[in-house]
Amino acid sequence: MKSFGFFKWEKIRKKREFLEITNNGKKIHTRHFIIYLRSNRDKRLGITVSHLVGNAVKRNRVKRLIREFFRLNKERLPRCDILIVAKKGAPLLNYQNVYGELSGVLLDK
RNA sequence: UAAAGUAGGCGAAUGGUCGCUCACCAUCUGGUGAGAGGAAAGUCCGGGCUCCAUAGGGCAGGGUGCUGGGUAACGCCCAGUAAGGGUGACCUUAGGAAAGUGCCACAGAAAAUAGACCGCCAGCGGCCCUAUUUCAUAGGGUGCGGGCAAGGGUGAAAAGGUGAGGUAAGGGCUCACCGCCCAGGUGGUGACACCUGGGGCACGGCAAACCCCACCCGGAGCAAGACCAAGCAGAGGGCGAGUGGCCCGCUCAAUGCCCUCGGGUAGGUCGCAAGAGGCGGGAGGUAACUUCCGUCCCAGAGGAAUGACCAUUACCCUUUAGGGAGUGAUCCCUAGGGGGAACAGAACUCGGCUUAUGACCUACUUUAACUC
RNA sequence: GUGGGUGUAGCUCAGCGGUCAGAGCACUGGGCUGUGGCCCCAGGUGUCGAGGGUUCAAAUCCCUCCACCCACC
């Protein structure tokens with residue numbers, strides 16, 4: 001299981017699922033993100049970046065950085081659905097900042 | 001050299017590791033190829049395409065507005081005309097106010113049928129004052145009915161302007177020049193320009209106020225629309241008329257249309273990437289553009305791909321050291337450190353417009369200053 | 001994708017071509033009171049979202065842009 005890929009079945013794609021996780025999941029705040037967790041057989045990722053975060057370029061960049069984090073650290077993540085919501089300052093971060101902020105909360109030692 | 005004007009360009013490159021989307025080949029491990037923009041943006045216009053409606057006409061409603069051309073079309077582009085701005089290169093603006101209605105605050109005498117506050121002018125009548133030693137004459141003030149619109153003052157705007165003659169004072173009252181109006185001619189497809197003659201002059205501004213004139217516009221949008229698969233359950237009421245603004249007209253009489261309640265599904269394929277396409281060249285045209293030949297195939301997602309990290313080399317800024325030019329401010333070269341690199345992400349598609357955009361570059365032109 | 005709305009004083013809103021843009025609340029100062037509130041008097045307050053244009057004159061009319069909000073499929 002060496003794959004660092006990010007496949008379609010690892011994405012949360014249905015609006016219904018997003019709502020279920022927001023309502024029933026465990027909620028964690030960090031400086032630039034809100035993270036919802038709900039235990040599941042597979043590890044899956046959903047990302048929400050609203051228009052309040054910035055324009056399309058900034059929103060895409062935030063999503064790509066979060067996907068990169070998921071992909072590279074998949075081995076150490078817990079077995080659950082992860083939903084990450086970006087807050088306002090998020091476009092100013094680079095990958096190092098994102099890693100620093102998310103690893104402390106999500107990764108096993 | 002500096003400051004401007006116009007037209008345009010570029011929107012870092014290369015390599016490595018780990019990834020994403022699509023196509024093809026292999027086949028369960030992979031390999032090869034392709035993969036954001038000049039604005040992809042805002043959604044301000046106009047087309048293509050699809051469905052619905054449609055004999056045709058009228059009235060609403062909306063849009064455009066100097067002239068000619070270009071175009072699939074446009075509110076866009078090109079060429080010109082006039083007016084205004086700028087020393088200039090250049091830029092900006094554009095139907096009709098003698099069809100009608102309406103508005104023009106404040107100030108001012110008066111604001112669109114002109115009018116007469118101060119004023120100017122002569123006449124008439126009485127009274128008062130002054131001067132000339134009485135009569136009387138002259139001057140001034142006041143009153144009455146007239147003439148005038150030069151001057152004053154108000155305003156954004158005061159009913160042609162300047163000068164001369166003339167007059168009781170004045171006035172296009174007359175004349176010259178300028179402006180305006182009318183008629184004719186010439187040139188131009190035309191906007192318009194020029195010339196000749198006539199008229200003393202009539203016509204304030206606002207249509208981004210209503211409006212008039214000319215031309216254009218059927219409606220909705222790829223969640224259009226077509227097919228496949230899965231699934232369910234229909235019931236009640238209304239319309240006699242319906243026709244996606246209205247009317248006439250026209251057509252139909254149903255398996256039609258509308259409303260309410262209830263039930264089911266929200267999956268896949270196509271549309272969906274060869275186009276008013278790009279590049280190079282020839283021909284026509286002042287140009288926009290058209291046409292012919294050759295050549296190329298260049299994103300296609302669907303909680304939505306085109307990325308992350310590292311290295312090197314260019315570019316710009318700053319700083320340190322060394323060297324060079326110069327009296328100097330400063331500039332150039334070499335080496336090193338630090339920093340910066342904009343605006344922004346395709347969603348059916350094309351033509352424009354508008355707005356955002358760091359640093360840099362190119363061409364032509366103008367104006368200043370200096371040198372030869 | 002389509003259609004619509006809002007932006008005016010610190011806040012909530014009027015005003016829709018013509019004096020120096022108003023009202024309520026709030027704020028400041030004074031009076032009243034031993035003190036505070038209530039009450040009374042006086043006062044400050046604005047690039048009318050931004051930039052152009054039309055007009056003698058624009059918050060108002062016309063363009064372009066910005067921000068926010070709503071509705072429908």
Side-chain angles (χ1 to χ4, degrees):
Chain A
M1 187 83 176
K2 81 172 190 65
S3 110
F4 289 112
F6 183 54
F7 305 102
K8 263 189 181 175
W9 58 82
E10 293 178 322
K11 290 181 192 171
I12 300 168
R13 295 158 72 187
K14 298 268 164 55
K15 178 168 183 165
R16 197 188 301 144
E17 293 179 308
F18 274 83
L19 290 175
E20 274 173 27
I21 296 168
T22 340
N23 290 332
N24 304 326
K26 184 188 170 195
K27 191 173 176 185
I28 303 167
H29 283 275
T30 68
R31 188 173 173 76
H32 298 100
F33 303 103
I34 304 170
I35 302 159
Y36 294 92
L37 294 172
R38 190 186 65 169
S39 52
N40 192 15
R41 281 211 313 276
D42 303 314
K43 300 174 180 178
R44 297 197 305 168
L45 177 68
I47 306 169
T48 297
V49 187
S50 83
H51 77 282
L52 294 170
V53 172
N55 60 26
V57 174
K58 291 173 186 163
R59 294 200 299 272
N60 274 340
R61 183 177 159 78
V62 170
K63 286 195 261 184
R64 283 165 182 157
L65 289 173
I66 293 169
R67 273 202 293 270
E68 198 73 5
F69 171 82
F70 179 83
R71 176 174 85 69
L72 293 173
N73 300 289
K74 211 188 289 174
E75 290 290 288
R76 297 167 60 200
L77 285 169
R79 276 189 188 283
C80 49
D81 288 336
I82 303 165
L83 174 57
I84 297 177
V85 180
K87 296 203 240 178
K88 254 186 181 172
L92 300 170
L93 304 175
N94 59 21
Y95 181 70
Q96 292 301 317
N97 302 132
V98 172
Y99 180 83
E101 195 164 326
L102 293 179
S103 61
V105 179
L106 288 173
L107 296 188
D108 300 332
K109 300 299 169 318

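Excluded from the calculations below are hydrogen atoms, water molecules and symmetry mates; all remaining heavy atoms, backbone and side chain alike, are included. Residue numbers begin at 1 in each chain, while the letters A, B, ... track the order of the sequences.
Distance CG (A/Asn94) to P (B/A308): 11 Å, rounded to an integer number of Å. Rounded to an integer number of Å, the gap from CZ of A/Phe7 to P of B/A304 is 15 Å. The CZ-P distance, from A/Arg44 to B/G303, rounds to 13 Å in whole Å. Atom pair A/Arg67:CZ and B/C18:C1' shows a separation of 15 Å (rounding to whole Å applied). Note: NZ (A/Lys14) to C1' (B/G303) measures 11 Å, nearest angstrom. What separates CZ of A/Arg59 from P of B/A346 is a distance of 9 Å, to the nearest Å. The interatomic distance linking A/Arg64 (CZ) with B/G35 (P) rounds to 16 Å, in whole Å. If you measure from atom CG of A/Leu52 to atom C1' of C/C68, you get 11 Å, rounded to the nearest angstrom.
In this structure, C/C20 shows a glycosidic angle within 90 degrees of zero, which is the syn conformation. Syn is the conformation of B/C298, whose glycosidic angle sits no further than 90° from 0. Nucleotide B/A12 is shown with an anti base, its glycosidic torsion being more than 90° from 0. The glycosidic torsion of B/G38 lies within 90° of 0, placing the base in the syn range. In textbook terms, a nucleotide whose glycosidic angle is within 90° of 0 is syn, and B/A36 is one such case.
Of all the heavy atoms in A/Val53 and A/Ala86, the pair that sits closest is CG2-O, 3.7 Å. Nearest heavy atom pair, residue A/Lys43 against residue A/Phe70, reads O-CZ, 4.1 Å. The two residues A/Arg59 and A/Gly54 have their closest heavy-atom pair at NH1-O, 3.0 Å. What you find for A/Phe18 and A/Ile12 is that their closest heavy atoms are CE1-O, 3.3 Å. For the residue pair A/Lys87 and A/Thr30, the shortest heavy atom distance occurs at NZ-O, 3.2 Å.
Across all strands shown, A/Arg61 has heavy atoms under 4.0 Å from sugar-phosphate atoms exclusively, and none from any base. When heavy atoms are screened at a 4.0 angstrom cut-off, A/Asn60 is found touching base atoms of the nucleic acid. Nucleic acid contact class of A/Ile47 (heavy atoms, under 4.0 Å, all strands): base.
When Watson-Crick and G-U wobble pairs are counted only if both distances are under 3.5 Å, B/A341 pairs with no nucleotide at all. Nucleotide B/A202 has no partner under the Watson-Crick or G-U criteria, as no pair reaches both atom distances under 3.5 Å. Nucleotide B/G123: paired with B/C144 (Watson-Crick or G-U wobble, both distances less than 3.5 Å). Within the shown strands, nothing qualifies as a pairing partner of B/C370 under the Watson-Crick or G-U definition with both distances less than 3.5 Å. The partner of B/A321 is B/U334, judged by Watson-Crick or G-U wobble contacts that both fall below 3.5 Å. Base pairing annotation: B/U295 forms a Watson-Crick or G-U wobble pair with B/G278, both donor-acceptor distances under 3.5 Å. Across all strands shown, B/G75 forms no Watson-Crick or G-U wobble pair with both key distances under 3.5 Å. Remark: B/A347 base-pairs with no nucleotide; criterion is Watson-Crick or G-U wobble with both hydrogen-bond distances under 3.5 Å.
Separation of the C1' atoms belonging to B/A288 and B/A73 is 16 Å when rounded to the nearest angstrom. Rounded to a whole angstrom, the distance from the P atom of B/G68 to that of B/G95 is 15 Å. B/A159 and B/C203 have their P atoms separated by 13 Å, with the value rounded to a whole Å. Taking atom C1' on both nucleotides, B/G160 is separated from B/G204 by 12 Å, rounded to a whole Å. On the C1' atoms, B/U269 is 38 Å away from C/G4, given to the nearest whole Å. Rounded to whole Å, the separation between the P atoms of B/A214 and B/G219 comes to 23 Å. Comparing the C1' positions of B/C104 and B/A114 gives a spacing of 16 Å, expressed to the nearest Å. Atom P of B/C51 sits at a distance of 48 Å from the matching atom of C/U60, rounded to the whole Å.
The aromatic ring of A/Tyr95 does not sit over the base of B/A308, since the test of centres under 5.5 Å and planes under 30° is not met.
Dashed line: the shortest gap from a side-chain N or O of A/Lys8 to OP1 or OP2 of B/G302 is under 4.0 Å. Contact check, A/Arg13 against B/A301: no side-chain N or O comes under 4.0 Å of OP1 or OP2. Residue A/Lys11 places at least one side-chain N or O under 4.0 Å from the OP1 or OP2 atom of B/A304.
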Problem - Paired and unpaired positions of RNA chain C as dot-bracket, Watson-Crick or G-U wobble under 3.5 Å, | denoting a partner strand - result: (((((((..((((....[...)))).(((((.......))))).....(((((..]....)))))))))))).
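When atom types are taken as modelled, the side chain of A/Asp42 and the backbone of A/Arg44 share no donor-acceptor pair closer than 3.5 angstrom. Of the possible donor and acceptor atoms, none in the side chain of A/Asn60 sits under 3.5 Å from a partner among the backbone N and O of A/Val57.
To the nearest 0.5 angstrom, A/Ser103 atom OG is 12.5 Å from A/Leu72 atom CG. Atom CD1 of A/Ile47 is separated from atom NZ of A/Lys63 by 7.5 Å, given to the nearest 0.5 angstrom.
The cluster map of Ile, Leu, Val, Met, Phe, Trp and Tyr, joined by side-chain heavy atoms under 4.5 Å apart, puts A/Leu65 and A/Ile34 in different clusters.
Nearest-nucleotide mapping onto RNA chain B: of A/Ile12 and A/Val57, the residue sitting toward the 5' end is A/Ile12.
Between A/Phe7 and A/Trp9, the angle of the ring planes stays under 30°, which puts this pair in the parallel group of the 30/60° scheme.
The nucleotide whose nearest atom lies closest to any side-chain atom of A/Arg71 is, among B/G303, B/A346, B/G307, B/G307.
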